[in-house]
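These numbers come from the heavy atoms of this one structure, side chains and all, not from hydrogens, waters or symmetry mates.
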Amino acid sequence: MRVTTRAESGRAAIEAAGAECWIGTPERLGTLRAALESVTIVCWLLGTAAGSEEELGALHGSRLEFFLGQAIDTTVRGFVYEAAGVAGGGAVPAEVFAGGERIVRRVAERNEIPVGFLRSIPGSWISGSRTHGPRSMLCCWAR
């Protein structure tokens, strides 16, 4: 499993969990492009991302849509979207996740790729997925 982090400070925790670390950020999608090499499943786990309403809207809107468009022309054959979460101590507006889910469904239907949606508050499923995911998985993580 390949997990992204925005800063070098996140490397130790990712590698301790048994994953390959990739330094990149959804705010600069070019930093994630090469991370898709040999990846089969992408997980957009940004339900706990912190930021302004505008930044969160972009992460679950325009940046998500652009990233998906780029991922289609790679080895990616499945996508998981975290459609729930809490950011900065407060709930992310439901319409932000609803918009992201619409984007994911539209791109997936057009390109015939399977998708999954995580709708529980992050935490209950994270610990098991860190080390038991396939080696060909890329996780864009908010932490």
Side-chain angles (χ1 to χ4, degrees), residues 1-7 9-11 13-15 17-143:
M1 179 182 319
R2 187 175 298 141
V3 177
T4 65
T5 182
R6 298 172 188 192
S9 60
R11 180 181 297 278
I14 291 168
E15 291 177 348
E20 176 187 344
C21 179
W22 185 274
I23 307 297
T25 175
E27 283 98 17
R28 300 181 73 202
L29 291 171
T31 64
L32 298 176
R33 178 73 176 155
L36 292 170
E37 182 178 331
S38 301
V39 167
T40 306
I41 301 169
V42 172
C43 301
W44 193 262
L45 305 178
L46 295 170
T48 59
S52 68
E53 264 188 57
E54 184 177 306
E55 290 168 326
L56 292 172
L59 281 177
H60 295 277
S62 59
R63 293 184 197 286
L64 171 62
E65 188 165 23
F66 183 79
F67 180 81
L68 281 169
Q70 296 293 307
I72 294 304
D73 292 327
T74 67
T75 56
V76 171
R77 296 296 171 258
F79 190 81
V80 175
Y81 176 67
E82 187 173 48
V86 178
V92 175
E95 62 269 10
V96 171
F97 291 124
E101 190 167 328
R102 281 191 301 273
I103 289 168
V104 171
R105 286 186 187 284
R106 184 176 63 243
V107 172
E109 286 173 13
R110 181 178 14 177
N111 294 283
E112 298 181 359
I113 62 170
V115 296
F117 298 95
L118 298 172
R119 292 191 178 86
S120 61
I121 298 298
S124 59
W125 56 266
I126 290 176
S127 60
S129 63
R130 282 187 189 166
T131 56
H132 302 296
R135 300 282 319 160
S136 62
M137 182 182 286
L138 171 68
C139 295
C140 296
W141 212 300
R143 297 179 193 214

Checking [X] side chain against [Y] main chain: does a donor-acceptor pair fall under 3.5 Å?
X     : Y      : result
Thr4  : Gly24  : no
Arg77 : Ile113 : no
Glu82 : Trp44  : no
Glu55 : Ser52  : yes
Arg2  : Glu37  : yes

Quiz prompt | Ring geometry between His60 and Phe97 (parallel below 30°, tilted from 30 to 60°, perpendicular above 60°) | solution = perpendicular

Quiz item: Just wondering, more than 12 heavy atoms not from Glu53 lying within 6.0 Å of its CD?
Solution: no

Quiz item: In terms of heavy-atom contacts, does CD of Glu112 have more than 12 from other residues, nucleotides or ligands at under 6.0 Å?
Solution: no

[X] to [Y] - nearest heavy-atom pair and separation:
X      : Y      : value
Ala71  : Arg33  : N-NH1, 4.3 Å
Val42  : Val39  : CG2-CG1, 3.9 Å
Ala108 : Val115 : CB-CG1, 3.3 Å
Val96  : Tyr81  : O-OH, 4.1 Å
Leu64  : Leu59  : CB-O, 3.4 Å
Arg63  : Pro26  : CD-O, 3.0 Å

Self-check item: Gap between atom CG of Leu32 and atom CZ of Phe66 - 0.5 Å precision
Solution: 11.0 Å

Exercise. Using a 4.5 Å cut-off on heavy atoms from C-beta on, say whether the side chain of Ile41 contacts that of Val76.
Key: no

Quiz item: Are the side chains of Leu68 and Phe79 in touch, meaning some heavy atoms are under 4.5 Å apart?
Solution: yes

Quiz item: Using 4.0 Å as the upper bound for N to carboxylate O, is an ion pair formed by Glu101 and Arg105?
Solution: yes

Practice problem: For Glu54 and Leu56, run side chain to side chain contact (heavy atoms under 4.5 Å, CB included): C-alpha distance rounded to whole Å, both residues' side-chain angles, the deciding distance at 0.1 Å, then the answer. | Solution: CA-CA 6 Å; Glu54 184 177 306; Leu56 292 172; over 6 Å; no

Quiz prompt | Steps toward side chain to side chain contact (heavy atoms under 4.5 Å, CB included) verdict (Thr5, Cys21) | solution = CA-CA 7 Å; Thr5 182; Cys21 179; 3.7 Å; yes

Quiz item: Can you list the steps and then say if Leu36 with Phe67 is a side chain to side chain contact (heavy atoms under 4.5 Å, CB included)?
Solution: CA-CA 10 Å; Leu36 292 170; Phe67 180 81; 3.8 Å; yes

Practice problem: Determine whether the side chains of Thr25 and Glu27 contain a donor N or O and an acceptor N or O closer than 3.5 Å. | Solution: yes

Exercise. Would you please test Ile23 and Thr31 for side chain to side chain contact (heavy atoms under 4.5 Å, CB included) and show each step?
Key: CA-CA 7 Å; Ile23 307 297; Thr31 64; over 6 Å; no

